[in-house]
Amino acid sequence: MKLLVVGSGGREHALAWRLSQSPGVTQVFVAPGNGGTAREPGLKNLPITDIAELAEFALREKVAFTVVGPEAPLAAGIVDLFREKRLRIFGPTRAAARLESSKDFAKAFMSRHGIPTAAYQTFSDAGQAREWVTERGAPIVIKADGLAAGKGVVVAQTVAEAHAAIDAMLVDNRMGDAGARVVIEDFLEGEEASFIVMVDGRNILPLASSQDHKRLADGDQGPNTGGMGAYSPAPVITPEVHARVMREIIRPTVEAMASEGTPYTGFLYAGLMIDAAGKPRTLEFNCRLGDPETQPIMMRMRGDFARIIEHAIDGELDRTDIEWDRRTALGVVLAAAHYPEEPRRGDPIHGLPAQGNALGDDCMVFHAGTVEGDGHTTVTAGGRVLCVTALGDSVRVAQTRAYRVIETVGFNGMQLRRDIGHRAIGRSARG
Ligand code: AMP
Ligand code: GLY
């Protein structure tokens, strides 16, 4: 059976790699893929990004099913189009993807259904927005309503900073249409975690928990990024917190999407803030897997993933389960020079495995912003370049393995954090 994965990031590399290991899968096309998927046994890059052309390809090649990685094609309606053509695809419709594509939609939805999240107001008028912030005080959080590729959120420590963010989005139009409306919400304290589930419209199958590291620099300093590293499982998601997240956030969301006539299908990612008492609140919904969270999650997944996705497409997620490697997986992102502002391209990467992307059984070099250069070289072609992901019996062991590999892999101007996993390690040190 042939499969199609849409996207070109580290998430899609990990997803396609795991799918290619299912029995019965002969080939996984990755559209458009990257320099790593080009080297991966069982995967084949497909230089197509237009969704109508992808549908034609899937029909022509008799692709058994398609899985969509990033939000943009989902928000553009790739699932609606494939379904019209009777093509099997796993992802949310355009209407359901509004949980991610409009922060205002997501916040209004959560308040309608009593799903815990920070108190908020939406504004398109800068004067009113400024007034609200002056009244409410800092710290306070300003979010562009639309998709902004991880750059639409400002956690303002002062009222002046909040005013500047409002002016940038509503007056100077710095985010374009995405920033034509802003959501302003209360600052929440606690520890973040990523909680990702598979949904078939009605049934829910949770994936292993994970934690991202959004800031560029060690100690959670510097600008927000798409994510500089992740590990799974996240110890902050204790069995009790897990049960609360399912009961208070995930199940009510899936039920309400169905009752509002936009049943949710696909991966659903709740970005959570867990407070000191273990109460989870939703910071955001994404209508897809996380990047880089997917890389450690896929390292730990056991069994036949293609079969699980088929169950999901058939509305039968209640008939299946996922087995997880008990070990921790930890991934460290190697980012290009000048990421996140203006990542430099074209730096040759050294130290990659001679063939494929595996280093033994328990380490993978997942690619994101890479392309095949001349001869046998692979060069940087985006902000986040590689995600070196290793398994270990503890967070510390997985971390040591990943950083050991990084001693031999790299490129000019490479940026990385040296403290991926610090919260989990701090937690176990505190007992
Ligand atoms: P978002 O894209 O909405 O997840 O926001 C990006 C990042 O901003 C999150 O990962 C948090 O670190 C931070 N953030 C967002 N909303 C809040 C909030 N209400 N309180 C505290 N931090 C937040
Ligand atoms: N790593 C965060 C995200 O995928 O949105």
Side-chain angles (χ1 to χ4, degrees), residues 7 9-12 14-15 68-72 74 97 99-107 110 116-121 133 136-157 161-162 165 175 178-179 182-196 207 209-216 220-232 234 236 267-275 279-298 331-333 335 340 366 368 383-384 387 417 420 423:
R11 166 183 51 211
E12 289 77 25
L15 190 56
V68 188
E71 62 276 20
L74 294 166
L99 275 181
E100 173 168 3
S101 62
S102 168
K103 300 243 186 221
D104 177 51
F105 173 85
K107 294 296 286 190
M110 285 189 268
T117 187
Y120 83 109
Q121 289 275 334
V133 165
R136 210 76 183 164
I140 194 157
V141 185
I142 318 290
K143 302 185 173 184
D145 172 52
L147 292 179
K151 292 179 191 149
V153 176
V154 176
V155 179
Q157 296 303 330
E161 223 181 292
M175 306 260 143
V182 298
V183 164
I184 303 188
E185 66 178 36
D186 289 356
F187 176 81
L188 298 176
E189 307 248 16
E191 183 170 343
E192 281 183 62
S194 305
F195 198 100
I196 307 174
L207 301 184
S209 65
S210 56
Q211 193 175 68
D212 188 11
H213 299 63
K214 293 224 164 112
R215 303 296 198 96
L216 182 68
D220 299 314
Q221 303 296 311
N224 255 322
T225 69
M228 293 298 290
Y231 60 90
S232 169
V236 65
F267 296 103
L268 177 64
Y269 167 144
L272 304 175
M273 188 70 88
I274 319 290
D275 75 10
K279 179 173 174 65
R281 289 184 181 78
T282 313
L283 290 178
E284 62 165 349
F285 283 120
N286 294 318
C287 59
R288 50 172 177 81
L289 287 161
D291 191 340
E293 291 95 322
T294 303
Q295 291 84 316
I297 290 174
M298 291 297 141
V332 179
V333 169
F366 292 117
R384 292 184 293 172
C387 181
R417 281 181 61 160
I420 301 303
R423 281 184 208 281

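These figures come from a predicted structure and were not determined experimentally. In listed order, ligands and their atoms are each counted from 1.
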Between atom [atom1] of [X] and atom [atom2] of [Y], what is the distance when rounded to the nearest 0.5 Å?
X	Y	atom1	atom2	value
Phe195	Gln211	CZ	CD	14.0 Å
Asn224	Lys214	CG	NZ	7.0 Å
Glu100	Phe105	CD	CZ	12.5 Å

Can you sort out which atoms of ligand 2 are near [X], meaning under 4.0 Å from one of its heavy atoms?
X	answer
Gly226	1 (N), 2 (C)
Asn286	5 (O)
Arg288	3 (C), 4 (O), 5 (O)
Asp212	1 (N), 2 (C)

Take every heavy atom of Gly290, measure it against each atom of ligand 2, and state whether any distance is under 4.0 Å. yes

Is it true that Arg417 and Asp220 have a side-chain N and a carboxylate O under 4.0 angstrom from each other? yes

By number and element, which atoms of ligand 1 are closer than 4.0 Å to a non-hydrogen atom of [X]?
X	answer
Phe187	20 (N), 21 (C)
Lys143	3 (O), 15 (C), 16 (N)
Lys214	4 (O), 10 (O)
Glu185	16 (N), 17 (C), 18 (C), 19 (N)
Lys103	1 (P), 2 (O), 3 (O)

I'd like the name of whichever of Asp220, Leu283, Ile142 reaches closest to atom 23 (C) of ligand 1 through any heavy atom. Leu283

Distance-only N or O hit between ligand 1 and Val141, under 3.5 Å: no

Tell me whether Asp212 reaches ligand 1 (any heavy atom closer than 4.0 angstrom to a ligand atom). no

Non-hydrogen atom of Glu189 closer than 4.0 Å to ligand 1: no

Donor-acceptor check, side chain of Thr282 to backbone of Pro116, threshold 3.5 angstrom: yes or no? yes

Residue that, paired with Val141, satisfies side chain to side chain contact (heavy atoms under 4.5 Å, CB included) out of Leu283, Val183, Val153: Val153

If you measure every N/O of Glu293 against every N/O of ligand 2, is any gap under 3.5 Å? yes

If you measure every N or O of Lys214 against every N or O of ligand 2, does any of those distances drop under 3.5 Å? no

For ligand 2, indicate whether the residue Arg11 contacts it via side chain, backbone, both or neither (heavy-atom separation under 4.0 Å). neither

